[in-house]
Number of protein chains: 6
Amino acid sequence: PMASKKEVHSTSDEIVEIHANVDDQTGEGLGYAMDRLMTAGAYDAYFTPIFMKKNRPAYQVTVITTSAKLTHMVDLLMTHTTTFGVRWTTMKRTTLPRKFATVTTIYGDVTLKIGTFKTQNKITVEYDSAAVLADAHHVSLDDVRRAALLAYDKEDGMA
Amino acid sequence: PMASKKEVHSTSDEIVEIHANVDDQTGEGLGYAMDRLMTAGAYDAYFTPIFMKKNRPAYQVTVITTSAKLTHMVDLLMTHTTTFGVRWTTMKRTTLPRKFATVTTIYGDVTLKIGTFKTQNKITVEYDSAAVLADAHHVSLDDVRRAALLAYDKEDGMA
Amino acid sequence: PMASKKEVHSTSDEIVEIHANVDDQTGEGLGYAMDRLMTAGAYDAYFTPIFMKKNRPAYQVTVITTSAKLTHMVDLLMTHTTTFGVRWTTMKRTTLPRKFATVTTIYGDVTLKIGTFKTQNKITVEYDSAAVLADAHHVSLDDVRRAALLAYDKEDGMA
Amino acid sequence: PMASKKEVHSTSDEIVEIHANVDDQTGEGLGYAMDRLMTAGAYDAYFTPIFMKKNRPAYQVTVITTSAKLTHMVDLLMTHTTTFGVRWTTMKRTTLPRKFATVTTIYGDVTLKIGTFKTQNKITVEYDSAAVLADAHHVSLDDVRRAALLAYDKEDGMA
Amino acid sequence: PMASKKEVHSTSDEIVEIHANVDDQTGEGLGYAMDRLMTAGAYDAYFTPIFMKKNRPAYQVTVITTSAKLTHMVDLLMTHTTTFGVRWTTMKRTTLPRKFATVTTIYGDVTLKIGTFKTQNKITVEYDSAAVLADAHHVSLDDVRRAALLAYDKEDGMA
Amino acid sequence: PMASKKEVHSTSDEIVEIHANVDDQTGEGLGYAMDRLMTAGAYDAYFTPIFMKKNRPAYQVTVITTSAKLTHMVDLLMTHTTTFGVRWTTMKRTTLPRKFATVTTIYGDVTLKIGTFKTQNKITVEYDSAAVLADAHHVSLDDVRRAALLAYDKEDGMA
Ligand code: NI
Ligand code: NI
Ligand code: NI
Ligand code: NI
Ligand code: NI
Ligand code: NI
Ligand code: NI
Ligand code: NI
Ligand code: NI
Ligand code: NI
Ligand code: NI
Ligand code: NI
């Protein structure tokens with residue numbers, strides 16, 4: 001539906017997955033570190049609960065990034081987490097080609113991310129565009145998401 | 001004990017580990033995806049709880065498979081999960097040579113998987129063969145498992 | 001849309017939450033126990049990862065049930081898990097009044113669960129009815145779910 | 001050290017713990033729900049990974065609140081999560097009497113929360129006051145926290 | 001088999017379940033706290049991974065204890081964790097009557113815990129007695145456990 | 001502060017990360033296996049909760065080690081866990097150069113690990129040296145840690 005805002009033609013590429021196990025930092029401190037990593041442009045940064053020696057409930061920090069940003073991300077981990085060491089490996093990555101579109105709902109305009117997979121479209125409602133409308137209209141996020149998908153399907157002649 | 005049903009001589013080989021982080025799909029949907037992945041012949045497919053940006057409680061989907069099945073498994077992930085990208089790497093794998101045997105218990109016949117590790121046998125009771133007997137006899141799975149191990153040890157002259 | 005198949009007028013009531021910590025049973029055994037608990041009519045049975053003394057990675061088993069079924073559920077836990085003790089408490093529960101409806105999609109008929117919350121309807125696609133169609137048509141569960149919600153909205157004059 | 005900004009004399013009281021199991025909502029949706037619950041004044045709202053029937057990786061939502069806010073929090077859960085039912089119980093609570101104080105560091109002023117427990121003081125650095133300084137000065141959160149604790153100890157004559 | 005070392009006739013009773021959410025303490029610190037709680041006689045103390053506000057990966061500490069020990073356990077939580085508040089509730093508990101027995105294996109003597117449930121015996125190998133033998137003989141814990149269960153079954157005339 | 005006990009100049013190197021998924025071993029057994037792995041010199045061994053097929057709540061065992069110890073660690077996993085196969089990959093690792101120092105507190109001497117990161121020192125209180133003092137003086141681990149950091153800062157002229 002509509003003109004696409006932006007087209008991204010993805011191909012297979014490589015990413016770097018960085019791991020650090022942290023048992024001597026607080027959850028508060030880790031939440032702060034995630035903010036720094038995401039702000040610096042990590043594709044993703046997330047925490048996995050792990051159980052370490054001496055009955056320590058801990059978290060593994062993982063950062064997904066590019067080779068180009070590896071050094072900066074390692075620096076951020078050294079600065080903002082308590083770890084003295086990080087490990088990483090490169091991984092292959094396949095991503096779907098995608099474009100963005102806007103649909104109009106009774107709540108306002110919502111952005112969709114549309115992937116192309118074989119003969120199908122794969123549709124995702126962009127969170128930020130929907131969340132702001134749910135907030136403003138005092139409805140649930142799902143109300144906005146469903147309205148957006150419905151609008152998309154109507155434009156496609158499905159409804 | 002008994003004639004082995006089937007012998008498998010394993011050697012070191014390589015597997016592929018595929019990861020996708022999913023924060024925009026329901027648990028229901030992920031359970032359905034696991035069924036599709038296992039049915040298609042993944043060695044293993046499992047979920048790890050992870051904590052992502054914007055306070056999102058999420059799951060990492062991991063698939064363990066062969067290089068030959070990589071493309072098919074990536075297709076299934078693209079179709080049955082909401083992810084727009086997956087990453088993977090090859091890993092070395094060592095597996096024990098193993099054979100299968102059948103022992104007779106008061107509940108019926110149970111299949112054992114017997115690994116050879118150095119000078120030892122490593123015995124596992126095959127779940128499906130034990131679960132059906134536990135169901136039929138209204139006993140616990142452990143009752144059947146213990147009876148099977150006991151039968152194995154008796155045939156070996158240990159009991 | 002359509003005649004409701006069945007109406008359920010819920011009110012606040014009480015349920016029982018039963019807990020058992022298990023560090024001496026396998027995941028296989030716990031999966032088997034869940035089958036027994038659900039088959040026996042538990043509202044819900046689920047596992048929570050917990051980290052116990054002596055570096056033991058364990059699981060807490062929780063069963064949600066009625067007072068009437070408490071004894072039977074405790075019996076099942078004693079039989080099918082390795083625990084020597086269970087603890088439980090009653091909790092208040094509020095549930096939405098709900099009814100079921102059927103909508104027709106290009107994949108076949110799908111069941112919806114429709115809750116009444118204040119002036120709103122809360123719609124859920126019944127998993128089993130959608131999963132069987134996704135299987136049969138080789139599409140994703142989400143394709144079926146979205147088609148069902150669209151059909152519902154069209155009947156309601158929203159699309 | 002310094003004049004306390006605000007004194008809170010706590011006594012034993014009661015809170016309400018509300019639980020809902022969610023296997024049919026996305027992590028995105030749950031993150032949004034947490035925002036709504038915290039904004040509405042929940043003492044705490046958090047997610048616990050759980051494993052439910054049919055291989056569903058799910059999350060339990062827990063809300064800690066007062067009896068006075070129970071109805072409002074249940075409403076928010078019914079609106080912003082996909083659950084059709086919530087359960088809750090009252091629990092006793094003991095909290096430490098606490099006061100707040102401000103210390104001056106090389107990064108700026110930091111707020112401390114000071115609990116009284118028997119003959120001891122229990123000191124916590126308030127996250128928000130420290131995070132804003134760490135951001136502004138491009139240092140780690142721990143640098144600010146340590147400076148604040150050091151400033152506190154010096155005023156107390158410990159350093 | 002053999003004379004029981006000690007008989008415990010259990011009946012339904014009450015326990016107290018104490019919860020504290022901790023996002024400002026390290027895993028190291030929590031591991032230390034668990035030692036203190038278990039040493040002081042808690043029935044159990046364990047950690048559950050939870051995800052809290054502001055992207056904080058945290059842990060819930062749970063202590064299972066008696067009413068008589070509630071005050072002491074709360075004191076320990078206030079001293080050894082960073083929490084400023086704990087909540088608790090009483091729960092009913094059912095435990096199996098149990099006795100202890102010793103069996104002789106090729107590795108040495110192993111203690112069994114034998115529960116009585118309806119017409120069945122429920123057997124558990126005591127961890128500490130088995131672990132010391134596995135250590136001494138350089139075999140796996142399972143080797144010792146299986147030998148102990150086999151010895152038990154032989155004495156009972158099952159093997 | 002003081003003479004450093006030992007200096008370690010680290011450089012980028014490689015480690016091996018070994019994974020095994022375990023759904024047929026108890027938490028007790030896994031705790032025992034961790035002891036064996038750590039005693040044998042693994043850099044780290046830890047457990048991650050995972051959810052596997054057939055509703056099995058399971059754990060992934062991860063071992064971080066050197067190439068030189070890979071074979072021995074695989075042997076230990078084959079002996080002390082129930083797995084029939086393990087997978088591994090090498091990863092790059094960056095660690096901070098570090099040295100150790102001792103500071104004197106009112107509780108006794110505490111060891112600090114001091115990393116060098118760019119122009120900064122990164123300070124960690126060695127757990128074992130602090131825990132023994134906390135035990136002996138009946139104070140919290142944090143009391144000892146804070147006293148140690150304060151002593152360090154005083155010697156550095158910061159306090
Ligand atoms: Ni930067
Ligand atoms: Ni991995
Ligand atoms: Ni296929
Ligand atoms: Ni509970
Ligand atoms: Ni029954
Ligand atoms: Ni609870
Ligand atoms: Ni409101
Ligand atoms: Ni400033
Ligand atoms: Ni004491
Ligand atoms: Ni011996
Ligand atoms: Ni990894
Ligand atoms: Ni060895």
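Hydrogens, waters and symmetry mates play no part in the numbers below; they use all other heavy atoms, side chains included.
- For E/K92, the NZ atom counts as loosely surrounded, since its 6.0 Å shell holds 12 or fewer non-hydrogen atoms of other residues, nucleotides or ligands.
- The line from OH of E/Y46 to CZ of A/F51 is 13.5 Å long, rounded to the nearest 0.5 Å.
- The two atoms that bring A/Y59 and E/A58 nearest to each other are OH-O, 2.5 Å, heavy atoms only.
- Applying a 4.5 Å heavy-atom cutoff, the residues of residues 22-38 of chain A that approach chain E are A/D23, A/D24, A/Q25, A/T26, A/G27, A/E28, A/L30, A/G31, A/M34, A/D35.
- Among residues 134-143 of chain A, no residue has any heavy atom closer than 4.5 Å to a heavy atom of chain E.
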